[in-house]
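Here the structure comes first, spelled out in structure tokens, and everything after it is commentary.
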Amino acid sequence: MTGIGLTDEATYDRARLTQWCEGNGVSRRGLLRLAAGGSLALTAFGALPAGTASAASPIVKPLPPEIFEVYGTNAETRWEALSGQGELTPVERFFVRNHTATPSIDAGTWRLKLFGTGLRGGPVEFSYRDLLELPAETITSAIECAGNGRSFFTSQQGQVVSGTAWKLGAIGVARWRGVRLSTVLAKAGLTRHAVDVLPEGLDADYVTGGVNLGKVRRPLPVAKALQDVLLAYEMNGRPLPPDHGHPVRLVVPSWAGISSIKWLGRIEVSDTPLVSPWNTQYYRLLGPDYPAEGALVTRQVVKSAFELPWNAEFAAGGRYVLRGRSWSGNGRIRRVEVDTGGGWRQAKFVGAAADRGWRRWEIPWRSGNPGTHTLRARATDITGATQPEVTPHNSQGYLFDAVVRHPVRVV
Ligand SMILES: Nc1nc2c(c(=O)[nH]1)N[C@H]1C(S)=C(S)[C@@H](COP(=O)(O)O)O[C@H]1N2
Ligand SMILES: [Mo]
């Protein structure tokens, strides 16, 4: 069985956890201890003191301060830098999330290795050229960090969370061209018994809190791998740039950014469930409203943002058009409402609907009297999921979907 129904995340997580615990002689309580240790270790990143970075610069492309806010090895896009941009985020404005540093990889000597018990024969290798010769596909898809919006757990809900204190700029939408993972898996001899694949990056081992967690890697159920996952070698019509995974990265639409492994080097294909620290200690929702062992983070949630700086200034008594974007891992956005102080009003959509990107919108606004005002946007997706007022707490601050209160100043 390739695990039909395992794209239902909750089913997948429960099934895999049980299988994994049984197979490894670990109790659920043991897993919980692992997870707790992980969240402690997590506090180590996000704020690298100056001088601790390796000689290689963590991010290669320029990071002008008017476009990016930098946190250690990561850089988030400022939302005002998306004002006037179309559906796609240009590479020069696309956020970067690096566990270590962008490696320099030569496409000419690069190889992708597939191996494991889920393949009919032995290991199989593909060169860059091999991939270019396979049938290509182009998709528009967001890549969003599961921790996007994390800082609002603290600033809006007064809660402690670990990890990079992103605002809402850890998302970008691009046009990705490449080969379907299903095509490559079929060529490599995928069997009916394969259940998980484990894509792994070629960047340096991730060391945190004195522990080496090895290469950045995260299991994907075969059902998702065969559904819509791309091995991308182009971003917005150009070869994939260094910071975004050159020469080849995974693009896993709708799922947490960590699934979209950059600088792809190896894929294990297994007929038994696979684990890595990125599905046991990270990317689990741990908190009072979740089961003791936590819930696995897979699909992204509904969010909205204004294309404005924090504390944007407006002249009193002016007529303005407020613009923003909303998106969801569940599919396209059906409705967006905006509250500028007088209740919810429906925003007007701009441009085409996108299943795996975002929906742009606008709404007129009269700025009124001087003072601080709060702008709020709330989206609903095709599944009926709407942004709540509060997101239930989880200790690592993932999947913040509550309505964000955006302050502006009228002068
Ligand atoms: N090899 C590798 N892949 C990776 C990462 C990484 O550090 N190393 N970071 C992941 C995370 S957490 C996110 S959110 C996305 C970010 O993609 P971007 O840097 O292209 O925006 O890449 C994912 N893939
Ligand atoms: Mo991420």
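For ligands, and for the atoms within them, numbers begin at 1 and follow the listed sequence.
Contact annotation: Tyr282 has no heavy atom less than 4.0 Å from any atom of ligand 1. Ligand 1 has no atom lying under 4.0 Å from any heavy atom of Gly172. Ligand 1 lies less than 4.0 angstrom from a heavy atom belonging to Arg249.
Here the heavy atom of the protein found nearest to atom 3 (N) of ligand 1 is Lys262 N, 2.9 Å. The protein non-hydrogen atom at the shortest distance from atom 6 (C) of ligand 1 is His99 ND1, 3.5 Å. With respect to atom 15 (C) of ligand 1, the closest heavy atom belonging to the protein is Gly257 O, 3.5 Å. Nearest protein heavy-atom neighbour of atom 21 (O) of ligand 1: Phe95 O, 2.7 Å.
Listed by chain and number, the residues in a side-chain hydrogen bond (donor to acceptor under 3.5 Å, both in side chains) with Arg323 are Glu362 (sequence neighbours excluded). Not counting sequence neighbours, Arg334 has no partner by the side-chain hydrogen bond (donor to acceptor under 3.5 Å, both in side chains) test.
Between Glu389 and Arg376, at least one side-chain N (NZ, or NE/NH1/NH2) sits under 4.0 Å from a carboxylate O, which counts as a salt bridge. For Asp355 and Arg332, the salt-bridge test passes: some basic side-chain N is under 4.0 Å from an acidic carboxylate O. Classification of Glu268 and Arg217 as a salt-bridged pair fails, no side-chain N sitting under 4.0 Å from a carboxylate O. Salt-bridge formation is not detected for the pair Glu137/Arg177: no Lys NZ or Arg NE/NH1/NH2 atom is positioned less than 4.0 Å from an Asp or Glu carboxylate oxygen.
Between the choices Arg97, Glu76, Glu144, the shortest heavy-atom distance to atom 5 (C) of ligand 1 belongs to Arg97. The nearest non-hydrogen atom to atom 1 (N) of ligand 1, considering only Val91, Ile171, Asp203, comes from Asp203.
The backbone N or O of Leu375 lies less than 3.5 Å from no partner atom in the side chain of Thr340, so there is not a single donor-acceptor pair.
Less than 4.0 angstrom separates some heavy atom of Phe94 from each of these atoms of ligand 1: 21 (O). Applying the 4.0 Å criterion to heavy atoms of Ser260 picks out, from ligand 1, the atoms 22 (O), 23 (C), 24 (N).
Checking Asp203, Val207, Asp205, Val216 one by one against Thr100, the side-chain contact (heavy atoms from CB on, under 4.5 Å) holds for a single residue, Asp203.
For ligand 1, one of its N or O atoms has an N or O atom of His244 under 3.5 Å away.
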